[in-house]
Structure formats: structure tokens, C-alpha cells
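Bear in mind that the values here come from a model prediction, so they are computed numbers and not experimental data. Atoms considered below: every heavy atom in the structure, side chains included; atoms not considered: hydrogens, waters and symmetry mates. Residue indices begin at 1 and follow the sequence shown.
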Amino acid sequence: MTKGKVSDFKGTPVYEGKNVSLGDVLFRGKIDEAFYIDTRDIPKWQKAKGAKKILRKKGNHEYLWSEGKIPFPDNLNTASRTLITSEGGKSVSRVRHVVIDNKGRYRRLIPIELERLNLFPENFTLFKDIKDNKRAFLMGNALVVGIVEKIGTSLSRILDKI
């Protein structure tokens with residue numbers, strides 16, 4: 001409803017912006033060594049991100065629990081997977097993003113890259129006493145504000161024509 005009138009219409013989704021890949025948001029400067037993954041841990045990351053099927057039992061009930069494969073490393077030429085609150089931290093994780101840099105080293109995403117993925121300004125989460133893990137948590141818990149803004153702008157243009 002707008003301006004006291006109820007409207008119903010069918011539309012075709014249109015995106016007029018630039019397609020952005022994960023590689024487009026990567027920071028091009030020096031990355032802190034803390035974000036790089038020890039080569040001895042690579043097999044653990046591969047296992048964590050691999051497909052799994054496990055037969056489980058609960059009381060008299062048996063069921064097959066499964067989860068699909070997650071790319072390792074993440075593809076730099078496609079859109080990013082969704083960020084979640086456990087994006088931060090050094091430990092092996094199924095859900096954390098891992099990329100390969102131009103020297104062939106595996107690393108986790110840094111806070112600025114997470115902010116870019118969510119269309120926040122760089123260093124939006126940089127405050128005194130806020131550690132990188134918390135910054136990652138904040139981005140995993142955030143709405144992608146830029147998308148919300150673009151949807152609102154598109155809706156406003158459509159509604160102005162009604």
C-alpha cells in the first residue's frame with residue numbers, strides 16, 4: 001500500500017549494478033601473518049569442508065546425517081558465500097572463508113574484506129579494544145546494508161510511478 005492505494009503487480013527482477021566477486025573485495029596491501037593458515041593444517045581444513053554422511057542413532061530411530069562440500073579454497077571468481085558469526089578465529093572451520101593469495105598461501109579473510117562483502121565502509125567495526133574475532137562476528141551478524149539500500153531505492157522508483 002502506498003498513498004492509500006493497494007497495488008499488485010508482477011515484475012521482472014532487474015539488477016543494473018556491477019557483479020562483484022569474492023576476488024574483487026580482497027585487500028591488496030600487506031596482510032597480518034595471523035590470518036595465514038599453517039600448511040600443516042591444510043588437510044584438516046579440507047576435511048572440515050568436505051562432504052560427509054554419518055549414520056546416527058537416537059533411541060530406536062536411525063537416520064543419515066549429511067552435509068555437502070564447501071569449496072576449499074573459496075572461488076575468487078564468483079560471489080561470496082554468506083558470512084556467519086563464526087567467521088573469525090584461527091581454528092579449523094567448515095564455514096570460515098579461505099582464499100589463496102597471489103603467492104599461493106592460504107589465508108582467512110581480514111575484517112576489511114568482511115566489511116566490504118557486507119557493503120559497509122572500510123574499518124566500520126574498528127574501535128578501541130575490539131579484536132579482529134569480534135569484528136568478524138559483527139559482520140557475520142549484520143545485514144548486507146548495501147543490498148537493503150538498493151532494494152529500497154528500486155522499490156521507491158517503482159512506487160513513485162504508481
Side-chain angles (χ1 to χ4, degrees), residues 13-58 61-154:
V14 175
Y15 176 67
E16 298 166 349
K18 177 182 178 263
N19 290 329
V20 178
S21 69
L22 177 57
D24 293 331
V25 304
L26 295 186
F27 185 73
R28 303 293 178 212
K30 180 157 175 47
I31 304 289
D32 188 313
E33 279 298 315
F35 288 92
Y36 285 93
I37 296 170
D38 188 316
T39 55
R40 295 171 295 193
D41 290 334
I42 299 300
K44 295 176 192 170
W45 283 86
Q46 290 169 325
K47 182 178 180 181
K49 291 177 176 277
K52 298 164 193 69
K53 288 185 180 183
I54 301 169
L55 187 62
R56 293 193 170 167
K57 240 182 164 176
K58 186 166 187 171
H61 178 69
E62 276 189 355
Y63 62 97
L64 186 64
W65 174 88
S66 65
E67 60 185 11
K69 180 180 180 180
I70 292 180
F72 181 80
D74 284 272
N75 188 338
L76 298 181
N77 299 314
T78 61
S80 170
R81 293 180 291 108
T82 301
L83 300 179
I84 63 172
T85 56
S86 58
E87 192 71 46
K90 292 182 179 185
S91 63
V92 174
S93 168
R94 174 174 172 75
V95 295
R96 287 188 188 113
H97 286 73
V98 175
V99 296
I100 294 183
D101 71 6
N102 56 7
K103 294 181 182 173
R105 295 180 68 196
Y106 291 86
R107 69 171 179 85
R108 297 175 293 112
L109 296 182
I110 65 171
I112 285 176
E113 294 164 334
L114 299 172
E115 291 164 341
R116 288 175 178 176
L117 283 172
N118 274 351
L119 303 176
F120 279 83
E122 288 185 17
N123 289 317
F124 185 81
T125 59
L126 182 61
F127 294 96
K128 184 181 177 206
D129 300 326
I130 300 287
K131 296 186 181 339
D132 288 339
N133 287 352
K134 184 65 169 185
R135 293 178 70 190
F137 174 88
L138 293 169
M139 284 297 99
N141 201 40
L143 290 173
V144 184
V145 293
I147 290 176
V148 174
E149 178 184 27
K150 289 173 195 292
I151 291 170
T153 301
S154 293

For [X] versus [Y], what's the shortest heavy-atom pair and its separation?
X: L109; Y: H97; answer: CD1-CB, 3.5 Å
X: S21; Y: N77; answer: CB-C, 3.7 Å
X: E62; Y: L55; answer: OE1-CD2, 4.0 Å
X: R135; Y: I130; answer: CG-CG2, 3.5 Å
X: V92; Y: A48; answer: CG1-CB, 3.8 Å
X: D74; Y: R81; answer: OD1-NE, 2.8 Å

Inset, instruction - Salt-bridge test for D38 and R40: reply yes if a basic N is under 4.0 Å from a carboxylate O, no otherwise. - result: yes
Inset, instruction - Look at E33 together with R105 and state whether they make a salt bridge at an N to O cut-off of under 4.0 Å. - result: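 A salt bridge links E33 with R105.
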Inset, instruction - Determine whether the side chains of R28 and N102 contain a donor N or O and an acceptor N or O closer than 3.5 Å. - result: no
Legend entry - Distance-only side-chain donor-acceptor flag, Y36 / D101, under 3.5 Å: yes
Inset, instruction - Spell out, as yes or no, whether a donor-acceptor pair under 3.5 Å connects the side chain of R56 to the backbone of W65. - result: no
Which distance, rounded to the nearest 0.5 Å, do you find between the [atom1] of [X] and the [atom2] of [Y]?
X: I84; Y: R96; atom1: CD1; atom2: CZ; result: 9.0 Å
X: W45; Y: R108; atom1: CH2; atom2: CZ; result: 6.5 Å
X: N141; Y: E87; atom1: CG; atom2: CD; result: 13.0 Å
X: K69; Y: R94; atom1: NZ; atom2: CZ; result: 11.0 Å
X: D24; Y: S80; atom1: CG; atom2: OG; result: 11.5 Å
X: S93; Y: K44; atom1: OG; atom2: NZ; result: 14.0 Å

Inset, instruction - Inspect the surroundings of NZ in K52 and state if more than 12 heavy atoms from other residues, nucleotides or ligands are less than 6.0 Å away. - result: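 Atom NZ in K52 is crowded, with more than 12 foreign heavy atoms closer than 6.0 Å.
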Legend entry - Heavy atoms from other residues, nucleotides or ligands near CD of E122 exceed 12 (cutoff 6.0 Å): yes
Heavy-atom side-chain proximity of [X] to [Y] below 4.5 angstrom:
X: F27; Y: P111; result: no
X: L117; Y: V20; result: no
X: I110; Y: D32; result: no
X: L114; Y: T125; result: no
X: P73; Y: R107; result: no
X: L22; Y: T78; result: no

Legend entry - Check against side chain to side chain contact (heavy atoms under 4.5 Å, CB included), K49 and V98: CA-CA 10 Å; K49 291 177 176 277; V98 175; 4.2 Å; yes
Inset, instruction - Report the C-alpha separation of K150 and V144 in whole Å, then their side-chain angles, then the decisive distance to 0.1 Å, and conclude whether the side chain to side chain contact (heavy atoms under 4.5 Å, CB included) test is met. - result: CA-CA 10 Å; K150 289 173 195 292; V144 184; over 6 Å; no
Legend entry - Whether F124 and F120 hold their rings parallel, tilted or perpendicular, with breakpoints at 30° and 60°: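 Ring orientation, 0 to 90° scale: tilted.
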